[in-house]
**Q** 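What follows is a structure written as structure tokens; I'll ask about it next.
Chain identifiers are assigned alphabetically (A, B, ...) following the order of the sequence lines, protein sequences preceding nucleic acid strands; residue numbering begins at 1 within each chain.
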Amino acid sequence: MNTQIVANRELAAASLATMWKIRRFEEAVEDLYGRGLMHGTMHLSIGQEAVPTGACLALNKDDYITSTHRGHGHCIAKGADMERMMAELLAKETGYCRGRGGSMHIADTATGNLGANGIVAGGVPIATGAALSAKMRGTKQVAVSFHGDGAMGEGAWHEGVVLAAMWQLPVVFLCENNLYGMSMSSEKAFNLDQLSDRAKGYGIPGVTVDGNDVQAVYDATKEAVDRARAGGGPTFIEAKTYRWRGHSKSDKNLYRTRDEIDEWRGKDPIPLFEAQALAAGGLTQADIDAVRDNVRTELRSAVQRANAAPDATADDLLSAVYAR
Amino acid sequence: MTIETTAAQTAAPATGETVTMTYSEAVRDAMRIAMAKDPAVFIMGEDVGTYGGAFGVTGELINEIGPDRVRDTTISELGIMGAGVGAAMTGMRPIVEIQFSDFTAQAMDQIANQAAKIHFMLGGAVNVPMVIRAPGGSGTGAAAQHSQSLEAWFVHIPGLKVVMPATADDAKGLLLSAIDDPNPVMVIEHKLLYKTSGEVRTGDIRTPLGVAAVPREGKDLTIIATGVEVSRALEAAEILAADGIEATVVDPRTLKPLDSDTILRTVKATGRVLLVQEAVRTLGFMSEVSAIISESDAFGYLRAPIKRLAGLDIPIPYAPKLERASVPQVEDIVAAATDLVRKW
């Protein structure tokens, strides 16, 4: 029996805080972008917060993750600093990538985050490699490859999973099925009842869980991570969730209905979690209010400090290409 | 990760002595030395284990080092390359073998978008110390998908280093430098050179990246050649000498970073330059060398227009006569050099 997160005051508060951080961070990004104070592009994961929150709760600090273009949530859940993330998006020298990467390339090696990735499924074989490295070095670290349903049409996904299965590597392939790869519905794209049916073809365990339920994601990830750490090889997890916002700023939502979006907004993972925590006695209403208010204050301060930081400098661009 | 005694012995420091070995043996010697010295170094690729590699380069290393570090993979170039990137980001030093450089096309996302860019894109937070070994070039009758010279692709991607060893000693010395390097390094070997022999320095030696070789000096013209064309240029220089034409031959060895100083110095000294590459002509590496010379003060020393000799702009054909006609041969170099010197 796994830890019941909603009944554990510390874990419940931490999980709720993580979800609020992701939500507030992305709302702030959306607002800054909308007001012309942030440039470039970004991909928002509002509505999907329970997946990285539940998954990263099952990981140690030195476990690895690889992330996606929609990666703010993974980054925050693995423990990254919101100020440095915001500074990166605001093109500041103090950002995680010193303004060279932006939203799609934030990594935080101190917390095991090997990076978001602008290429769909690009992080899948990289996670396989990190797991290979952990196995060869005998460290007992585990790697989690966060990826979307769209990644499952890529050759990189296939090859990354094939190698991990052959070598029985400590890696978890965690698909956030938010039902669309840009505009392509995953139901149309894959001739499967559930994406986890594919795992059998690779000779690895596969499971589908409710991606809006922190406990369900945590339980599945914990089981997979424990198995990986014990030498039992990779696992595939499909966490079904929904992206409330468009794919990116160009999205006019022509491929889905307002009713569908509203239906999923009704399954918002945050109030769902709050209700569970209240019912289980893990959190009081006062705790819930405090978490929400603290995150709001923390985020506001992160945005202010990030804004005040110096802009990224072009002085040493050429010498930054190669490591010395 | 136990290390075999034989391997540890080979990792003795450089002795100043040389021994005759093939280019292929020299590559293997470099990998053996690196693996004996550093448990983070490992080889990964298709059929590198018991089979010994498509061109026999890894040979019996699996028996010396073991299957953990001489690691056979499935036929998954993109997956192998990605696994190399992930391993390199987390403390290992993978040597990824791609059977034919043509197959890097299968792995290009992980080479061009991941390995090459990660250090810069992540603001310097992570290094990708990975070596990619891939045999290139024509001459084996393997036709268009197994014979290309793709070095320009890789030189065109900031973040990669690119080396093309032309001798057995450089095959060893450059590979050991590539393994030391904290960046992804593409080592393009030449399949026609694998069986050629040369004197190779014993022990843990280095050929530094970014330093050209000048295997022959002469006053009449400078021939700059890469890969298999270096030995053709040297052979041509012998023939030219018999005809009274003295050629300098420059082998850049490292295409990125390029030793422009040596190129410009030798061009200034002779005033005539012939650029020879096996790769197709248009936008090839020698086009860049030509531009570097034209933009420099060496331009004022030129007594003749810069001349490029390159592969035809065609896929490599199968029939032996056609294949031979596709890329510069010794007689083509002799003719072009003679023309340059006699006309100008």
**Q** May I ask you to name which of B:Ala116, B:Pro184, B:Ala83 has the most heavy-atom pairs under 4.5 Å with chain A?
**A**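 Most heavy-atom pairs under 4.5 Å with chain A: B:Ala83.
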**Q** For A:Tyr322, is it the side chain, the backbone, both or neither that has a heavy atom under 4.5 Å from a heavy atom of chain B?
**A** both
**Q** Determine whether more than 12 heavy atoms belonging to other residues, nucleotides or ligands lie under 6.0 Å from atom NZ of A:Lys200.
**A** no
**Q** Is chain A contacted by the side chain of B:Met81, its backbone, both, or neither, given a heavy-atom distance below 4.5 Å?
**A**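 Neither part.
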**Q** In Å, rounded to the nearest 0.5 Å, how long is the span from CG of A:Leu163 to OG1 of B:Thr74?
**A** 4.0 Å
**Q** Looking at A:Leu132, A:Thr139, A:Thr128, which one has more heavy-atom pairs under 4.5 Å with chain B than the rest?
**A** A:Leu132
**Q** Give, as side chain, backbone, both or neither, the part of A:Val321 having an atom under 4.5 angstrom from any heavy atom of chain B.
**A**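 Answer is both: backbone and side chain atoms of A:Val321 are under 4.5 Å from chain B.
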**Q** So which residue, A:Met166, A:Lys135, A:Gln141, A:Arg98, ends up with the most heavy-atom pairs under 4.5 Å with chain B?
**A**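 Highest number of pairs under 4.5 Å: A:Met166.
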**Q** Quick one: CH2 on A:Trp167 to CZ on B:Arg71, what's the gap to the nearest 0.5 Å?
**A**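 Atom-to-atom, A:Trp167:CH2 and B:Arg71:CZ are 5.0 Å apart.
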**Q** Heavy-atom distances under 4.5 Å only: say whether B:Asp72 touches chain A with side chain, backbone, both or neither.
**A**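 Backbone only.
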**Q** Taking atom CG as the centre, does B:Leu283 end up with more than 12 heavy-atom neighbours from other residues, nucleotides or ligands that are less than 6.0 angstrom away?
**A**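 No - once you tally the heavy atoms of other residues, nucleotides and ligands closer than 6.0 Å, there are 12 at most.
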**Q** Quick one: CD1 on B:Ile118 to CG on A:Asn117, what's the gap to the nearest 0.5 Å?
**A** 7.0 Å
**Q** Would you say the side-chain atoms of A:Ser133 pair up with the backbone N or O of B:Thr90, donor to acceptor, closer than 3.5 Å?
**A**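 Between the backbone of B:Thr90 and the side chain of A:Ser133 there is a qualifying donor-acceptor contact (under 3.5 Å).
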**Q** Can any side-chain N or O of B:Gln110 pair as donor or acceptor with the backbone N or O of A:Gly122 at less than 3.5 Å?
**A** yes
**Q** Which atoms of B:Lys117 come close to chain A, meaning under 4.5 Å heavy atom to heavy atom: side chain ones, backbone ones, both, or neither?
**A** neither
**Q** Among B:Asp109, B:Ile80, B:Val85, single out the residue with the greatest number of heavy-atom pairs under 4.5 Å to chain A.
**A**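 The option with the most such pairs is B:Asp109.
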**Q** Determine the minimum heavy-atom distance between B:Gln114 and A:Ile126, stating which atoms define it.
**A** OE1-CD1, 3.9 Å
**Q** Heavy-atom distance under 4.5 Å between the side chains of B:Met121 and A:Met104, does that happen here?
**A** no
**Q** Rounded to the nearest 0.5 Å, what separates atom CZ in A:Arg324 from atom CG in B:Asn127?
**A**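 So the CZ of A:Arg324 and the CG of B:Asn127 are separated by 11.0 Å.
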**Q** Can you say whether A:Leu169 sits under 4.5 Å from chain B via the side chain, the backbone, both, or neither, judging by heavy atoms?
**A** neither
**Q** Distance check, rounded to the nearest 0.5 Å: A:Arg137 atom CZ versus B:Met92 atom CE?
**A** 7.5 Å
**Q** Of the backbone (N, CA, C, O) and the side chain (C-beta and beyond), which part of B:Glu77 lies under 4.5 Å from a heavy atom of chain A, both, or neither?
**A**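 It is the backbone, since no side chain atom gets that close.
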**Q** What is the minimum heavy-atom distance between B:Leu122 and A:Ala107, and which atoms define it?
**A**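 Between these two residues, the closest heavy atoms are CD1-CB, 3.6 Å.
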**Q** Sort B:Ile75 into side chain, backbone, both or neither according to what part of it lies under 4.5 angstrom from a heavy atom of chain A.
**A**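 It is neither, since no heavy atom gets under 4.5 Å.
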**Q** So which atom in A:Ala323 and which in B:Pro182 form the shortest heavy-atom distance, rounded to 0.1 Å?
**A**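 Smallest interatomic distance, heavy atoms only, reads O-CG, 3.5 Å.
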